[in-house]
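Accompanying notes for the structure given below.
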Amino acid sequence: GAGVSQSPSNKVTEKGKDVELRCDPISGHTALYWYRQRLGQGLEFLIYFQGNSAPDKSGLPSDRFSAERTGESVSTLTIQRTQQEDSAVYLCASSPGIRNTEAFFGQGTRLTVV
Amino acid sequence: KNEVEQSPQNLTAQEGEFITINCSYSVGISALHWLQQHPGGGIVSLFMLSSGKKKHGRLIATINIQEKHSSLHITASHPRDSAVYICAVRSGNNNDMRFGAGTRLTVKP
């Protein structure tokens, strides 16, 4: 597709269950970012992938959060043993990876933990 | 202290007014982005700046690298400009981004 695609668009899960969120970046984009936005709050950096380099995981809030990306393709963000405070919109963005380039955002996955 | 500070947090204007949103940052950057987020969450990139000034329609973005400050201006504001405007900086050392808390703009008819 032409843009960044995220799935699912909405996810409701029970506390304690694991969830997996998917991001399909724009083809050819080497950089991929995951962000979280809690209700009424700003964007919070989670993790950043750049090509085959080791990802920057400095924003992951706990060891329940992990993300993978194979090469320059799809990325998955996994949240284990979900808690209610994990409820948020999870946004993915990609960019060509060269420094001064724009980032393109997906529509996000709205996660609700009940 | 956040690396990226925006002001004001909330802004209400009458249609037609000139709007200014400010962004200050404390780290070395390679680029600064202005983003627009509408209700429903979709984010659109408005500008990417590394120096000077850019203009697109009624929107103007400026950056002063020495002062580590950027402004987003909206001329002849319209109710459809109502959104959250987010400043984001790309670190000078790597390629990740850090965000301001956003400015919620409401333009009343």
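Residue numbering restarts at 1 for every chain, and letters A, B, ... go by the order of the sequence lines. The figures that follow rest on heavy atoms only: side chains count, while hydrogens, waters and symmetry mates do not.
With sequence neighbours excluded, no residue forms a side-chain hydrogen bond (donor to acceptor under 3.5 Å, both in side chains) with B/S7. Residues forming a ring-ring contact (aromatic ring centres under 6.0 Å, His included) with A/F104 (at least two apart in sequence, or on another chain): A/H29.
Atom CD1 of B/I43 is separated from atom OH of A/Y35 by 9.0 Å, given to the nearest 0.5 angstrom. In this structure, the separation between CE on B/M48 and OG on A/S95 is 9.5 Å, given to the nearest 0.5 Å.
No part of B/L49 comes within reach of chain A, as not one of its non-hydrogen atoms sits under 4.5 angstrom from that chain. Of the atoms belonging to A/S58, it is side-chain heavy atoms, and not backbone ones, that fall under 4.5 Å from chain B. In this structure, the portion of B/R98 lying under 4.5 Å from any heavy atom of chain A is its side chain and not its backbone.
The environment of A/Q83 atom CD is dense: over 12 non-hydrogen atoms of other residues, nucleotides or ligands sit within 6.0 angstrom. Around CG of B/N10, the count of heavy atoms belonging to other residues, nucleotides or ligands within 6.0 Å exceeds 12. Annotation: A/E14, atom CD; neighbour count of heavy atoms from other residues, nucleotides and ligands within 6.0 Å does not exceed 12.
Between chain B and the residues A/G59, A/A103, A/G42, the largest count of heavy-atom pairs under 4.5 Å involves A/A103.
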